[in-house]
Amino acid sequence: MTDILTHFPPTAAHARDRLAAFAPLAGSAYAMRRNFDYGPGMHGSVSVLSPYVRLRMLDEVAMSRIALAHHSAQEAEKFLAEVFWRTYWKGWMELRPTVWEDYQSDLARLRNEIQTQSGLRARWQDACLGQTGIAPFDAWAHELAQTGYLHNHARMWFASIWVFTLNMPWQLGADFFLRHLLDGDAAVNTLSWRWVAGIQTPGKTYLARADNIAKFTNGRFSSVAGLAQTAVPPQTDVPPAPRLLPRVPEPDRGAPYGLLLHDDDIDAARLIKGHPTPASWAYLDTSSGHSPWQMAPHVSAFRCAAAQDQAQGETGLSILKTAQDLRDWAVGAGVEQIVTPYAPVSPTQAVLAAYTTLPDAPPLHLDRRPLDTQSWPLATKGFFPFRKHIPQLISEFVERG
Ligand SMILES: Cc1cc2nc3c(=O)[nH]c(=O)nc-3n(C[C@H](O)[C@H](O)[C@H](O)COP(=O)(O)OP(=O)(O)OC[C@H]3O[C@@H](n4cnc5c(N)ncnc54)[C@H](O)[C@@H]3O)c2cc1C
């Protein structure tokens with residue numbers, strides 16, 4: 001685990017340095033090479049910034065601004081499209097929270113099935129331990145567990161083999177990812193797995209092919225045998241209609257406040273800029289809410305260490321886990337209100353919602369980023385209609401902002 005945090009130092013300074021180092025490659029080099037997975041420790045064709053983006057130590061504005069400082073909009077188009085794919089998935093899920101709830105119910109059911117069905121349990125264990133005998137799949141399972149990261153193309157191949165070759169429920173694969181990825185995210189992960197499995201875009205599945213794997217792993221895995229030759233789309237329900245984005249009132253920073261950071265937005269500097277200093281600081285660690293199984297320890301370790309870094313100079317950053325912890329901290333610190341970044345659909349959102357039902361809990365004020373308020377409601381259909389709005393979002397938030 002120490003090794004993982006050595007490769008991903010959990011500091012804002014490191015995130016900025018890594019972004020600056022990658023920026024010269026975010027143009028045509030990225031467009032040409034981004035699909036190549038050269039193997040563990042060799043991911044120079046992509047930014048490997050996702051653990052920092054996940055916590056919003058880097059946001060779309062910072063990523064786009066530096067990319068456009070080095071490249072024309074046309075050269076940086078592919079990189080910017082990927083940056084805003086994430087925005088799109090976040091918005092899509094935020095407008096349809098029941099998709100995450102359904103996934104969690106499915107996992108609870110599958111957990112029971114794993115306990116009662118030895119055949120499923122054995123296949124699931126082999127897949128998670130990288131013992132299926134499918135060489136690239138096993139290598140990616142090990143890479144994920146040992147590094148907390150996988151290249152995007154490897155994620156696509158892995159998910160496809162999980163679903164169509166190993167015939168296992170996509171939800172168990174999504175859970176395996178969420179337990180180990182440093183960037184594991186309720187919206188992006190769930191919707192990406194649904195996309196591979198043919199649920200997100202009905203009728204469209206992603207099939208991992210041996211020749212594609214051989215080419216884009218630069219020959220590391222040639223002649224992979226035994227992969228499914230077809231990926232038949234499952235019968236799917238119509239996705240729920242998008243809801244309106246909940247309104248959030250502006251927080252009043254006049255009264256003494258406690259600042260609560262969490263893994264959906266850990267950027268403290270944005271929250272305190274131009275405001276009185278918080279009376280107390282805390283971090284809400286909801287990592288364990290991502291899975292009914294034990295999370296890999298590096299996930300929580302990375303996030304808690306990043307929170308410590310954000311609260312620089314604060315010796316007593318409280319690490320909280322439950323709604324009750326949150327109330328006890330706020331009451332104990334004597335704050336009149338809690339200010340926290342808006343949490344989209346996630347375990348954190350669930351804990352914050354539970355907090356507001358507790359008696360004597362000081363009011364909670366959610367601070368949502370203007371870019372989120374503007375971009376998430378645009379995720380009503382597929383990515384391609386959403387994509388048309390990217391130039392306008394960039395013009396408003398990156399060039400003018
Ligand atoms: C099955 C599956 C599960 C995934 N689970 C997650 C997840 O839990 N969390 C997560 O952040 N990403 C997830 N992704 C998307 C993508 O694989 C990662 O964001 C990307 O690999 C991160 O590496 P990078 O920072 O080097 O990306 P780069 O290629 O350098 O891209 C820059 C940034 O753009 C965003 N981005 C890039 N590709 C995508 C994409 N396909 N979809 C959405 N955003 C993207 C990320 O924030 C990334 O940091 C998943 C993809 C698949 C196929």
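None of the values given here were measured: they were computed from a predicted structure. Ligands are counted one by one from 1 in listed order, and the atoms in each one are counted from 1 as well. Note that these values count all heavy atoms, side chains included, but never hydrogens, waters or copies made by symmetry.
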Separation between CG of D372 and CG of D265, rounded to the nearest 0.5 Å: 7.5 Å
- prompt: Evaluating non-hydrogen atoms only, which member of N152, V46, V48, D183 is closest to atom 17 (O) of ligand 1?
  reply: N152
- prompt: Between S192, A197, G184, which one has a non-hydrogen atom sitting closest to atom 50 (C) of ligand 1?
  reply: S192
message: Taking the six-membered ring of F216 as reference, does the cationic atom of R33 (NZ for Lys, CZ for Arg) lie under 6.0 Å from its centre and within 45° of its axis?
response: no
task: Please identify which atoms of ligand 1 are closer than 4.0 Å to at least one heavy atom of S47.
output: 24 (P), 25 (O), 26 (O), 28 (P), 30 (O), 32 (C)
Option set L191, V188, D59, V196, criterion heavy-atom distance to atom 12 (N) of ligand 1, minimum: V188
field: Non-hydrogen atom of Y206 closer than 4.0 Å to ligand 1
entry: no
- prompt: Where the closest heavy atom to atom 33 (C) of ligand 1 is concerned, which of H290, M63, R155 has it?
  reply: M63
task: Output the list of atoms in ligand 1 that are nearer than 4.0 Å to some heavy atom of M156, sorted by atom number.
output: 53 (C)
- prompt: Does even one non-hydrogen atom of Y30 get within less than 4.0 Å of ligand 1?
  reply: yes
message: Is a donor from one side chain sitting under 3.5 angstrom from an acceptor on the other, for T190 and W100?
response: no
task: Measure the acute angle between the ring planes of F8 and F302, then classify it against the limits of 30° and 60° as parallel, tilted or perpendicular.
output: perpendicular
field: Option from F84, W89, W85 for which ring-ring contact (aromatic ring centres under 6.0 Å, His included) with F383 holds
entry: W85
- prompt: For atom 19 (O) of ligand 1, what's the nearest protein heavy atom and its distance?
  reply: S50 CB, 4.3 Å
field: For V53, atoms of ligand 1 separated by under 4.0 Å from a heavy atom
entry: 47 (O), 49 (O)
- prompt: What are the atoms of ligand 1, with element, lying closer than 4.0 Å to any heavy atom of V83?
  reply: 34 (O)
message: To the closest 0.5 Å, what do you measure between OG (S47) and CZ (F79)?
response: 5.0 Å
Sequence-distant partners of H365, side chain to side chain donor-acceptor pair (under 3.5 Å), two or more places apart: Q337
- request: Can you run down the ring pair (Phe, Tyr, Trp, His ring centres under 6.0 Å) pairs that involve residues 239-280, sequence neighbours left out, and say none if there aren't any?
  value: none
task: Determine whether the side chain, the backbone, both or neither of L181 has a heavy atom under 4.0 Å from any heavy atom of ligand 1.
output: side chain
message: Please check whether W85 reaches ligand 1 - meaning an N/O of the residue sits under 3.5 Å from an N/O of the ligand, judged on distance alone.
response: no
message: Heavy atoms only: which of R86, R194, E60 lies closest to atom 44 (N) of ligand 1?
response: R86
message: For ligand 1 and H151, I'd like to know whether there is a polar contact (N/O to N/O, distance under 3.5 Å).
response: no
Residues E60 and T87: side-chain donor-acceptor under 3.5 angstrom: yes
field: Identity and separation of the nearest protein heavy atom to atom 37 (C) of ligand 1
entry: E82 CB, 3.6 Å
field: Those atoms of ligand 1 less than 4.0 Å from some heavy atom in Y149
entry: 23 (O), 24 (P), 26 (O)
field: Donor + acceptor pair across side chains of S291, D175 (<3.5 Å)
entry: yes
